Number of protein chains: 2
Amino acid sequence: MWGSVAPEASRRLLLAAVDSFAELGYHGTSTRHIAAGAGMSAGALYVHYKTKADLLFQIALTVHRSVLATLREAVATGSAPPARVRALMYAFSSWHATHYKAARVIQNEMAALGPEHAAEIAVFRRETRELVLSEVRAGAASGDFDVADLAATARALSSLAIDVCRWYRPEGPRTPDEIGALNAHLAMRVLGAAAP
Amino acid sequence: MWGSVAPEASRRLLLAAVDSFAELGYHGTSTRHIAAGAGMSAGALYVHYKTKADLLFQIALTVHRSVLATLREAVATGSAPPARVRALMYAFSSWHATHYKAARVIQNEMAALGPEHAAEIAVFRRETRELVLSEVRAGAASGDFDVADLAATARALSSLAIDVCRWYRPEGPRTPDEIGALNAHLAMRVLGAAAP
DNA sequence: GTCTATACGTAGATAGAC
DNA sequence: GTCTATCTACGTATAGAC
């Protein structure tokens, strides 16, 4: 996910910021702390990022792009709605385990973005919602799913997948793979799909 | 929920803090802002609360007590596991809509608590988890539910209910009552309970 | 209990040497 | 590009008048 961030010093700062924002929050993190986490002095940060807010925005951009690309790849692997939604929920959930720190930042700290940055990020979030919704709708239309409230059910699936980043710990008993598989299974139940 | 907070000036400060913590986060909120929200000057806050951290802790105590009491009342209304879990999910979800600001504070800002305060609050959170888990376990034991992974399924139900506070808006299309009913329905599906 | 004034620390951000 | 030093503003918290 971070491969596109260059040069290396910029990436180190970004990763240190993700760690700190995830743990202490944006407002609870000082630029000095970020710089120290990247092995630099306080002033060096401003060579790579204009402001602390800009740093958050670059993180938000990178992470949202990664999620959306992951979900789009996932649905493309299936053809029938149940297979597509299983793949979607597996990818959505396991991504939120694997990248739980980055996910926490984009879930918890987006209120700290300024209005222009927030508007730009909102586009990604809308597209993600639309993607999930359209997959649920397709399965309802085909008769594979039994869904009373399309929007609310799609949101429930997203809640399930996203919330993973809030409780997942690498030392915990379940792997990202297992979490993805379990949530894919629960999604089929939520959607009233026939048991396979 | 706030009736126990007296005198009135203390309650005004607490409510102003909840509003601001929910919107801007604990570290993003200044004591001046809280005091202004309660219609007071900056210094007056310290007559009612020892520190800003103490204010957060009082909020956390009050809100966690309210959630737990709500859930305990809810399960007591039913006898068979499906009815009990339906009541639980209805109460859990609608509470998180009705009290979405208070819920956001206890979901997003608990990392700002000091170690001793955090330990005290962790007791409430553990009890809430245990309550949900024990209800799921009872239904699995009775044969009403079909659950492969008790802990993970119980957590999924909690995710569904708690996440309501993160997206709910009073101007939105669904009432807390409707949200509670929908999540209760989805919970039955997640648990593999026979359709009523 | 509330106000104004203030002490003190730390935050974000910049300047200039290397 | 990185460092140290520094500017300036704002944060929490306290003191003392009313």
Side-chain angles (χ1 to χ4, degrees), chain A residues 2 4-60 105 108-118, chain B residues 2 4-60 105 108-118:
Chain A
W2 310 109
S4 66
V5 182
E8 194 257 349
S10 296
R11 183 165 51 241
R12 280 211 323 276
L13 284 163
L14 209 94
L15 288 169
V18 168
D19 272 16
S20 192
F21 290 166
E23 188 185 356
L24 308 167
Y26 175 77
H27 292 294
T29 296
S30 69
T31 53
R32 284 173 170 84
H33 186 77
I34 296 169
M40 289 179 208
S41 70
L45 188 150
Y46 293 90
V47 175
H48 301 275
Y49 298 94
K50 205 169 165 318
T51 62
K52 182 186 173 190
D54 181 45
L55 186 43
L56 177 64
F57 177 61
Q58 296 304 327
I59 292 169
V105 177
N108 299 335
E109 308 303 327
M110 292 300 91
L113 291 173
E116 312 81 2
H117 285 168
Chain B
W2 310 110
S4 66
V5 183
E8 194 257 350
S10 296
R11 184 166 50 242
R12 280 210 324 276
L13 283 164
L14 208 94
L15 288 169
V18 168
D19 272 18
S20 190
F21 290 165
E23 187 185 357
L24 307 167
Y26 176 77
H27 293 295
T29 296
S30 70
T31 54
R32 281 177 169 86
H33 187 77
I34 296 169
M40 290 180 207
S41 70
L45 188 150
Y46 293 91
V47 175
H48 300 275
Y49 297 96
K50 203 170 165 319
T51 62
K52 182 187 173 188
D54 181 45
L55 187 42
L56 177 63
F57 177 61
Q58 295 306 326
I59 291 169
V105 176
N108 300 334
E109 308 303 328
M110 292 301 91
L113 291 173
E116 311 82 1
H117 285 167

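Note that this is a predicted model, so its numbers are computed, not measured. Within every chain, numbering begins at 1; the chains are lettered A, B, ... in the order of the sequence lines, protein sequences first and strands thereafter.
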**Message:** Classify A:S10 by what it touches in the nucleic acid, base, sugar-phosphate, or nothing, heavy-atom distance under 4.0 Å.
**Reply:** nothing
**Message:** Just to be sure I understand the rule, does B:S30 reach a base, reach only the sugar-phosphate, or reach nothing, if contact means heavy atoms closer than 4.0 Å?
**Reply:**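 Result for B:S30 = sugar-phosphate.
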Closest approach of [X] and [Y], non-hydrogen atoms and distance?
{"X": "B:I59", "Y": "B:A17", "answer": "CD1-CB, 3.8 Å"}
{"X": "A:E109", "Y": "A:L56", "answer": "O-CD2, 3.8 Å"}
{"X": "A:G37", "Y": "A:A16", "answer": "C-CB, 3.8 Å"}

Taking the side chain from [X] and the backbone from [Y], do they hold a donor-acceptor pair closer than 3.5 Å?
{"X": "A:Y26", "Y": "A:A53", "answer": "yes"}
{"X": "B:T29", "Y": "B:S20", "answer": "yes"}
{"X": "A:R32", "Y": "A:A42", "answer": "no"}

**Message:** Can you work out whether A:V47 or A:R32 has the more 5'-proximal nearest nucleotide on DNA chain D?
**Reply:**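 Per heavy-atom nearest nucleotide, the more 5' residue is A:V47.
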**Prompt:** Atom OH of B:Y46 and atom P of D:dA13: how far apart are they, to the nearest Å?
**Reply:**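 Atom-to-atom, B:Y46 to D:dA13, this comes out as 4 Å.
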**Item:** A:H27 NE2 to D:dA9 P, straight-line distance once rounded to whole Å
**Value:**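 Distance, rounded to whole Å: 20 Å.
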**Asked** Taking any atom under 4.0 angstrom from a heavy atom of chain A, which nucleotides of DNA chain C are the first and last to qualify, 5' to 3'?
**Response**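 Result: C:dA11 to C:dT14.
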